[in-house]
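Read the structure below first, then the notes.
What's counted below: heavy atoms across the whole structure, side chains too, no hydrogens, waters or symmetry copies. Every value quoted in this text rests on a predicted model; they were computed, and no experiment measured them.
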Amino acid sequence: MDFKPLIPPSPTRPSGVNFSSATAFFTALHGNFSLSTLLLIGAAFQTLLALLPIPKTYALSPALTLLVLRLTHTMLITYNIIPNPYLKGRIPKKSTAQVMDRNGNFAGPGKEKVAILLLGAKSNHPLGIFAPDFSYVGGLLRKMTKELENDPTQDSGFLGQTSVQRTDANGAIEFILISYWRSIEDVHKYAHGPAHREAWKWWESTLKHHDYIGFMHEVYEADKGMWEGVYINFQPTLLGKTTYLKKDGELVGGEVKEKWISPLLDANRGALRSSARRRGLLDDKKLVGDMFKENAYVAEF
């Protein structure tokens with residue numbers, strides 16, 4: 001069976017985490033403030049407007065206008081009058097991410113192992129991302145990400161990464177980078193490289209001054225046939241957002257054009273339909289038949 005990625009190949013490596021984008025900044029800024037703080041900022045702004053020597057109608061109109069616009073926009077989307085922007089980039093069909101081989105080809109389900117690194121930074125400080133030196137931490141993470149994503153050969157074993165942001169029970173903000181690698185050995189090799197050693201050295205030398213800055217990492221390796229996943233109505237994320245350099249592509253004009261391959265494949269039917277098949281194993285036909293009998297995403301067994 002011929003497997004074709006659901007996303008066309010890219011001539012350049014897509015960035016997994018863009019720290020410099022406006023979206024990333026505003027997401028971090030929004031997460032930096034609690035709901036009560038945001039409400040207080042809005043209330044203070046409204047109070048300042050009310051104190052100005054202008055008609056009260058003008059003072060109240062900005063907040064009311066924005067609220068009406070937001071509600072109108074939501075209702076128009078809800079009743080399918082305008083396109084839903086949240087659906088941009090999603091893949092409606094059932095898909096699965098399969099790690100390609102070192103030449104950027106799909107050798108078959110369950111043929112490759114994968115390592116996962118969770119790398120986190122946290123600000124246990126009332127100023128959150130504006131705490132002293134926390135921006136330097138962000139700079140180190142940006143530097144490491146840039147170095148990994150600009151590897152022209154992908155020989156580092158780094159396959160790609162996704163980031164998540166959360167606020168803990170104390171209100172402290174933390175950022176987690178979830179990256180995928182070919183092996184734990186590749187992770188450890190990078191950990192002893194120049195960019196990570198710079199961050200490591202800075203942390204060790206300044207720890208006593210930064211008891212509010214937290215770091216963490218966890219690393220795992222899943223052997224061949226011991227991992228799988230599916231996505232339905234999701235934009236590319238996590239393992240599905242990794243990319244693979246095609247190293248044996250066609251010769252065009254005397255050179256091989258750079259091509260980055262998505263790992264997302266159709267999982268509606270065939271060899272990638274079930275959990276067992278996505279791991280390169282055989283199905284339990286009775287179990288799979290019962291499970292998929294009423295499943296709209298899967299063809300008849």
Subject >> Side-chain touch Val99/Lys113, heavy atoms, less than 4.5 angstrom >> reply: no
**OP:** Indicate whether any N or O donor in one side chain lies under 3.5 Å from an N or O acceptor in the other, for Gln161 and Thr145.
**Re:** yes
Original post:
Rounded to the nearest 0.5 Å, how far does OG1 of Thr96 lie from CZ of Arg279?
Top reply: 11.5 Å
Original post:
Does any non-hydrogen side-chain atom of Leu264 lie less than 4.5 Å from one of Ile91?
Top reply: yes
**OP:** Decide yes or no for Leu265 and Phe106: does some side-chain heavy atom of the first lie under 4.5 Å from some side-chain heavy atom of the second?
**Re:** yes
Subject >> Salt-bridge criterion met for Lys247 and Asp155 (N-O under 4.0 Å) >> reply: yes
Original post:
Are any side-chain N or O atoms of Asn32 and backbone N or O atoms of Ala28, one a donor and one an acceptor, separated by less than 3.5 Å?
Top reply: no
**OP:** Side-chain contact test, heavy atoms from C-beta onward, threshold under 4.5 Å: evaluate it for Arg182 versus Leu159 and give yes or no.
**Re:** yes
**OP:** Provide the closest heavy-atom pair for His188 versus His192 in the form atom of the first, atom of the second, distance.
**Re:** O-CD2, 3.1 Å
Original post:
Is Ile184 close to Asp186 at the side-chain level, that is, under 4.5 Å between some pair of heavy atoms?
Top reply: no
**OP:** Please indicate whether Phe215 has more than 12 foreign heavy atoms, meaning atoms of other residues, nucleotides or ligands, lying under 6.0 Å from its CZ.
**Re:** yes
Subject >> Phe234 atom CZ, over 12 foreign heavy atoms within 6.0 Å >> reply: no
**OP:** Quick one: do Trp181 and Ser179 satisfy side-chain hydrogen bond (donor to acceptor under 3.5 Å, both in side chains)? Show the steps, please.
**Re:** CA-CA 7 Å; Trp181 304 69; Ser179 60; 2.8 Å; yes
Original post:
With a 4.5 Å heavy-atom cut-off, do Glu112 and Asp101 have their side chains touching?
Top reply: yes
Subject >> OG1 on Thr206 to NZ on Lys201, rounded to 0.5 Å >> reply: 12.0 Å
Original post:
With sequence neighbours excluded, what pairs up with Phe33 under the side chain to side chain contact (heavy atoms under 4.5 Å, CB included) test?
Top reply: Leu29, Thr37, Leu38, Phe130
Original post:
NZ of Lys122 to OG1 of Thr167: how many Å apart, nearest 0.5 Å?
Top reply: 9.5 Å
**OP:** Go through the steps for Glu221 and Ser183 under the test side chain to side chain contact (heavy atoms under 4.5 Å, CB included), then give the verdict.
**Re:** CA-CA 7 Å; Glu221 185 177 271; Ser183 68; 3.6 Å; yes
Original post:
Is the closest basic N to carboxylate O distance between Glu198 and Lys143 below 4.0 Å?
Top reply: yes
**OP:** Sorted by first residue and then second, give each side-chain hydrogen bond (donor to acceptor under 3.5 Å, both in side chains) pair with at least one member in residues 128-139; sequence neighbours left out.
**Re:** Asp133-His210
**OP:** For Glu147, check side chain to side chain donor-acceptor pair (under 3.5 Å) against everything at least two apart and list the hits.
**Re:** Tyr190
Original post:
Can you tell me how far the OG atom of Ser274 sits from the CD atom of Glu228, to the nearest 0.5 Å?
Top reply: 8.5 Å
Original post:
Thr243: what forms a side chain to side chain contact (heavy atoms under 4.5 Å, CB included) with it, not counting sequence neighbours?
Top reply: Arg13, Pro14, Trp260
Original post:
Quick one: are Ile173 and Gln165 in side-chain contact, heavy atoms under 4.5 Å?
Top reply: yes
Show which side-chain atoms of residues 74-86 pair as donor or acceptor with protein atoms under 3.5 Å away, not counting sequence neighbours.
from  : atom 1 : to    : atom 2 : distance (Å)
Thr74 : OG1    : Arg70 : O      : 2.9
Thr78 : OG1    : Thr74 : O      : 2.7
Asn84 : OD1    : Tyr86 : N      : 2.9

Original post:
side chain to side chain donor-acceptor pair (under 3.5 Å) with Trp227: which residues, sequence neighbours excluded?
Top reply: none
**OP:** Can you establish whether the number of heavy atoms outside Arg90 located under 6.0 Å from its atom CZ is more than 12?
**Re:** yes
Original post:
At what distance, to the nearest 0.5 angstrom, does OH of Tyr244 lie from CG of Asn103?
Top reply: 14.0 Å
Original post:
Do Asp266 and Lys94 sit within salt-bridge range, that is, some charged N less than 4.0 Å from a carboxylate O?
Top reply: no
Original post:
Using 4.0 Å as the upper bound for N to carboxylate O, is an ion pair formed by Arg166 and Glu174?
Top reply: yes
Subject >> Heavy-atom side-chain contact between Pro109 and Gln98 under 4.5 Å >> reply: yes
**OP:** Check the surroundings of atom CE in Met226: do more than 12 heavy atoms from other residues, nucleotides or ligands lie under 6.0 Å from it?
**Re:** no
